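I have placed the structure first, in the form of structure tokens, so that the comments after it can refer back to it.
Computed from a predicted structure; not experimentally measured.
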Amino acid sequence: MKKSLLKLASVIGVSALVLAGCAEAPNATPGETTAASTPAEGDPSMDSTDGTGAAGDFKACMVSDAGGFDDKSFNETAYNGLMRAKDELKIETGEIESNAESDFAPNIQSMIDADCDIVVTVGFLLANATEAAAKQNPDLDFAIVDNNSFEGVDNAKGLIFNTAESSFLGGYLAASMSETGKVGTFGGLKIPTVTIFMDGFAQGVAHFNETKGGDVQIIGWNAETQDGQFVPGNDPFGNIAGGKETATTLIAQGADIIFPVAGPAGLGGLQAAMASGGKVNAIWVDTDGCVSAPEYCPSIISSVYKGMDVAVFDAIKASMEGDFSGEEFVGTLENEGTGLSEFHEFEDKVSDEIKAELDKLKEDIISGAIVITSDAQPN
């Protein structure tokens, strides 16, 4: 069964908390608390109280991937869920940032050693380390963002999102807004949590062409061959300069709407769009870009969001209340776990006709009238 997130009104209702979370810097800065240097329990870089000076009886902790908690993307959004739990549930929290893959397992262990009741890990790349830790610590709860639950592991919960659905809407929107007849996308790494966005985006563009008689081309991704443009380097998600270079290549090929699926490296794509002086715009991913990166809002038409903050909060709350299970959560258009954010500065530039068409497409995807095909989609 798929467990529903809070409805959209709830997502909007916590937007102030999200903004507050963005403004509050994490306790551990990148590189400050690493696998090679695990601080003792009680160190302020590991722990925080509920803000009243009295620690709660329950402690929720989080381990980021190499993007860090200020990535203006999925790590930051997941972290906002932890901060919401701290504020609303009056619990203790702990967090640690990873700088490289080699940090994952030691960082998870440091949270276990800090007497956390639930450890939330952020990102597909932490799957192996999370599964191993959950098996070795059956009395603790674990949740992982962007990965399925693990077979036979009852104390680990996957928090996954069918972003092919929402990216389909993003592709349709991009095609409708393009003046050059070319839109572009690029990824960080060729992993399912990235390619699922690119698949949905490509199919949304194709649907626009079919229904509107258009001929909009997508560059940077071939859904049939599952190959395309990815950020270069050993740290592609953190390579902002590489993201800008990749986006600039797509723009040089004629793309006037770009869809970066690359975490912090995608900010390089937003930089390239802003440098165009309004000739190129973007659709952001994971979180509302106008909230997480407001300086780029003039170039962001909309964002394909994932309700990671709400999913993380719900998992922590369930653990605290003794109602935790390893049954994975799947965010969809139907349960508002994913979708398109507001148009912000493009509210008057997106026509009423396109807005109505997007609403109808959402209904058709939910009903099954439109079927999206991507091997990366949750089963």
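Partners of Phe237 by ring-ring contact (aromatic ring centres under 6.0 Å, His included), not counting sequence neighbours: none found. Remark: Phe208 pairs with Tyr172 by the ring-ring contact (aromatic ring centres under 6.0 Å, His included) rule, at least two apart or across chains. By the salt bridge (charged side-chain N to carboxylate O under 4.0 Å, His left out) test, Lys212 is found to be paired with Glu353, Glu357, residues two or more places apart in sequence or in another chain being considered. Checked against salt bridge (charged side-chain N to carboxylate O under 4.0 Å, His left out), Asp154 has no partners two or more places apart in sequence or in another chain. By the salt bridge (charged side-chain N to carboxylate O under 4.0 Å, His left out) test, Lys317 is found to be paired with Glu321, residues two or more places apart in sequence or in another chain being considered. Residues satisfying the ring-ring contact (aromatic ring centres under 6.0 Å, His included) criterion with Phe168, sequence neighbours excluded, are His207. Applying the side chain to side chain contact (heavy atoms under 4.5 Å, CB included) criterion to Gln109, with sequence neighbours excluded, gives Ile112, Asp113. Taking the salt bridge (charged side-chain N to carboxylate O under 4.0 Å, His left out) definition, one finds that Asp286 meets it with Lys306, sequence neighbours left out.
The ring-ring contact (aromatic ring centres under 6.0 Å, His included) contacts involving residues 339-379 comprise nothing, where partners must be two or more places apart or lie in separate chains. Sequence neighbours left out, not one pair with a member in residues 114-151 passes ring-ring contact (aromatic ring centres under 6.0 Å, His included). Applying the salt bridge (Lys or Arg N to Asp or Glu O under 4.0 Å) definition to pairs two or more places apart or across chains, none involves residues 191-203.
Summarising the local packing, CG of Asn128 is surrounded by 12 or fewer heavy atoms from other residues, nucleotides or ligands at distances under 6.0 Å. Residue-environment remark: NZ (Lys190) exceeds the threshold of 12 foreign heavy atoms within 6.0 Å. Enclosure of atom CD in Glu101 is not indicated, since only 12 or fewer non-hydrogen atoms of other residues, nucleotides or ligands lie within 6.0 angstrom. Applying the 6.0 Å contact sphere to CD of Glu347 captures more than 12 heavy atoms from other residues, nucleotides or ligands.
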Throw together a table of side-chain donor-acceptor distances under 3.5 angstrom for residues 253-272, partners on residues two or more places apart or in other chains.
| residue | atom | partner | partner atom | Å |
| --- | --- | --- | --- | --- |
| Asp256 | OD1 | Ser178 | OG | 2.7 |
| Asp256 | OD1 | Thr180 | OG1 | 3.2 |
| Asp256 | OD2 | Glu179 | N | 2.7 |
| Asp256 | OD2 | Thr180 | N | 3.1 |
| Gln271 | NE2 | Tyr296 | OH | 3.4 |

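For the pair Gln377 (side chain) and Ile372 (backbone), a donor-acceptor distance under 3.5 Å is present. Ser341 places no side-chain N or O within 3.5 Å of a backbone atom of Asp288 that could act as its donor or acceptor partner. Thr93 places no side-chain N or O within donor-acceptor distance of the main-chain N or O of Ala60, the cut-off being under 3.5 Å. Between the side chain of Glu97 and the main chain of Phe69, a donor-acceptor pair closer than 3.5 Å is present. Between the side chain of Ser351 and the main chain of Ile354, a donor-acceptor pair closer than 3.5 Å is present. Under a 3.5 Å cut-off, the side chain of Asn99 and the backbone N or O of Ala66 do not form any donor-acceptor pair. Side chain of Asn222 to backbone of Thr225: a donor-acceptor contact under 3.5 angstrom is found.
The existence of a salt bridge linking Lys72 and Glu76 is excluded, since no basic side-chain nitrogen approaches an acidic carboxylate oxygen closer than 4.0 Å. Using a 4.0 Å cut-off between charged side-chain N and carboxylate O, Asp364 and Lys360 make a salt bridge.
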Taking it one step at a time, do Asn75 and Asp65 satisfy side chain to side chain donor-acceptor pair (under 3.5 Å)? CA-CA 7 Å; Asn75 280 284; Asp65 82 347; 2.6 Å; yes
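The side-chain heavy atoms of Glu165 and Thr332, taken from C-beta on, include a pair separated by under 4.5 Å.
Between the side chains of Ser98 and Asn107, at least one donor N or O lies within less than 3.5 Å of an accepting N or O.
If you run side-chain contact (heavy atoms from CB on, under 4.5 Å) between Val183 and each of Val205, Leu173, Ile219, only Val205 comes through.
When the side chains of ILVMFWY residues are joined at heavy-atom separations under 4.5 Å, either directly or via intervening members, Leu333 and Ile370 end up in a single hydrophobic cluster.
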